[in-house]
Number of protein chains: 2
Amino acid sequence: MAHSHEAHHHERPRDLTRNQELVLTTLNNAEAPLSAYDILDKLRDEGLRAPLQVYRALEKLIEHGLAHRLESLNAFVCCADANCHGRASGTAAFAICSNGGRVDEFADPEVTARLAAWAGETGFALERTTIELRGRCAECRAA
Amino acid sequence: MAHSHEAHHHERPRDLTRNQELVLTTLNNAEAPLSAYDILDKLRDEGLRAPLQVYRALEKLIEHGLAHRLESLNAFVCCADANCHGRASGTAAFAICSNGGRVDEFADPEVTARLAAWAGETGFALERTTIELRGRCAECRAA
DNA sequence: GCGCGATATGTTATGACATTACGCTATCGA
DNA sequence: TCGATAGCGTAATGTCATAACATATCGCGC
Ligand SMILES: [Zn+2]
Ligand SMILES: [Zn+2]
Ligand SMILES: [Zn+2]
Ligand SMILES: [Zn+2]
């Protein structure tokens, strides 16, 4: 509706509210994915009291491409790929270590292309893609 | 209630227990993914009372490749691809319609290969892969 | 048949994850 | 000033999943 000339459509990463900033910082400092309740616990001292405060912040961060939800874990990570919030990215994929919980984010253009091709052939209007690999990372295998 | 399971014609399932059979049948009859609690509700008349009875059956069905868990939905579908329980399958992918809930299972060897290649390059010991597409199916778009 | 391990089952209680509903406040532009 | 939009705080509730424990059943060597 309100459709004025508008500046640009890329998001300003630093337009974050206090809660969003707190949640993003928490994710950035974490070495493994955090559940919403994990995040909440870490932010009690900052005044957060209810899950919804975290979920609302996460929703916005994910919208802006600053964080991701890992469906197979019911947990969240901060984005590790500048392309995700910059320009059109390939679909993000995540390799999740079963041992340490370490998560590696990557994008494979060929995978993205093949999935898009399947969607095109079958008339499926693709909106969102989840790709999650489970296994043991190189580091944990060495140890 | 007698167990008349001597003659298993067809290469359908292996020897399933009563609960596993009930759950599989329920999934087969469903047109959309079902949550464990959905399944439980449908099987109250058969004597099932607790979530765990369903989860245990699902666990076995998934082990045998007869059903799949959709991580982004916290729900379950029966397998629609004979290759999943027959031979070495490519990684299964699922296109989930946001509208009707319809799920389409497919496998793209190239996608499987690319992900395996990434794992190989980075030393990641791949155990399990989740690929889920969200969007609107052709049928719903037409309507 | 008997003993025994492996597998499946039934029940209760609890834990973990996520959302609905309501009300308040700040901001911004018509 | 008014109404729309967005964010925030809180309580209650809804949804998904497992722990812990007790029984039952099957297969098989003896
Ligand atoms: Zn990213
Ligand atoms: Zn690891
Ligand atoms: Zn399958
Ligand atoms: Zn559809």
Side-chain angles (χ1 to χ4, degrees), chain A residues 1-7 11-12 14-24 26-27 30 32-64 66-77 101 130 132, chain B residues 1-6 13-24 26-27 30 32-64 66-77 101 130 132:
Chain A
M1 336 277 254
H3 198 259
S4 45
H5 37 37
E6 209 52 59
E11 314 294 344
R12 312 213 59 81
R14 290 313 159 192
D15 237 4
L16 299 180
T17 67
R18 169 177 157 81
N19 285 1
Q20 290 161 21
E21 196 82 58
L22 287 169
V23 169
L24 182 56
T26 303
L27 285 178
L34 297 178
S35 76
Y37 281 76
D38 289 340
I39 296 170
L40 177 56
D41 284 342
K42 289 178 184 293
L43 291 176
R44 299 257 182 215
D45 293 345
E46 302 291 343
L48 271 69
R49 310 286 313 272
L52 196 48
Q53 296 175 281
V54 175
Y55 281 109
R56 285 199 276 227
L58 285 169
E59 183 183 14
K60 290 303 176 190
L61 293 174
I62 291 170
E63 266 181 37
H64 293 123
L66 297 170
H68 297 285
R69 173 184 174 84
L70 300 178
E71 299 288 356
S72 65
L73 233 43
N74 292 332
F76 304 85
V77 288
T130 299
E132 296 176 20
Chain B
M1 26 256 268
H3 253 20
S4 62
H5 63 305
E6 281 313 315
R14 309 181 17 154
D15 301 295
L16 298 179
T17 66
R18 170 177 155 82
N19 286 1
Q20 289 161 20
E21 196 83 57
L22 286 169
V23 169
L24 181 57
T26 303
L27 285 178
L34 297 178
S35 75
Y37 281 76
D38 290 338
I39 297 169
L40 178 56
D41 285 341
K42 289 179 185 293
L43 291 176
R44 298 258 182 216
D45 293 344
E46 303 290 343
L48 270 69
R49 310 286 313 271
L52 200 46
Q53 297 175 281
V54 175
Y55 280 108
R56 287 198 274 229
L58 285 169
E59 182 183 13
K60 290 302 176 190
L61 292 174
I62 291 170
E63 267 181 37
H64 293 126
L66 297 170
H68 296 286
R69 172 183 175 85
L70 299 178
E71 299 287 357
S72 66
L73 231 46
N74 293 333
F76 304 84
V77 288
T130 299
E132 296 176 19

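Note that this is a predicted model, so its numbers are computed, not measured. FYI, side chains are in, hydrogens and waters are out, and symmetry mates aren't considered; it's all heavy atoms of this structure. By convention in this document, chain letters (A, B, ...) are assigned in the order of the sequence lines, proteins followed by strands, and residues within each chain are numbered from 1.
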Nearest-angstrom distance from the residue atom [atom1] of [X] to [atom2] of [N]:
X     : N      : atom1 : atom2 : value
A:L73 : D:dA17 : CG    : C1'   : 14 Å
B:L58 : C:dA8  : CG    : P     : 14 Å
A:R49 : D:dT10 : CZ    : C1'   : 9 Å
A:R44 : D:dG9  : CZ    : P     : 13 Å
A:L16 : D:dG7  : CG    : P     : 10 Å
A:I39 : C:dC17 : CD1   : P     : 11 Å
A:D15 : C:dT27 : CG    : P     : 14 Å
B:N19 : D:dC26 : CG    : C1'   : 16 Å

Among the nucleotides [options], which one has an atom lying closest to any side-chain atom of [X]?
X     : options                : answer
A:N74 : C:dA8, C:dC17, D:dA20  : C:dC17
A:A50 : D:dT10, D:dA20, D:dG9  : D:dT10
A:R69 : D:dT10, C:dT9, C:dC17  : C:dC17
A:P51 : D:dG7, D:dT10, C:dT19  : C:dT19
A:Y55 : C:dA18, D:dT10, D:dC16 : C:dA18
B:S35 : D:dC16, D:dG7, C:dA8   : D:dC16
A:L52 : D:dC8, C:dT20, D:dG9   : C:dT20

Distance-only donor-acceptor test (3.5 Å): side chain A:R18, base D:dG7: no
Side-chain donor-acceptor pair present, A:E132, A:S72, cut-off under 3.5 Å: yes
Position toward the 5' end of DNA chain D (nearest nucleotide), A:G47 or B:A75: A:G47
NZ/NE/NH1/NH2 to OD/OE distance under 4.0 Å, B:E59 and B:R56: no
Salt-bridge present (B:R18, B:E21; N to O < 4.0 Å): no
A:A36 vs A:R56, nearer the 5' end of DNA chain C by closest nucleotide: A:A36
Option passing side chain to side chain contact (heavy atoms under 4.5 Å, CB included) with B:F76 (candidates B:L34, B:L58, B:V54, B:V23): B:L58
side-chain N/O B:T17 vs C:dT9 OP1/OP2, d < 4.0 Å: yes
Side-chain N or O of B:Q53 closer than 4.0 Å to phosphate OP1/OP2 of C:dG10: yes
A:T26 vs A:D38, side-chain contact (heavy atoms from CB on, under 4.5 Å): CA-CA, chis, key distance, verdict: CA-CA 10 Å; A:T26 303; A:D38 289 340; over 6 Å; no
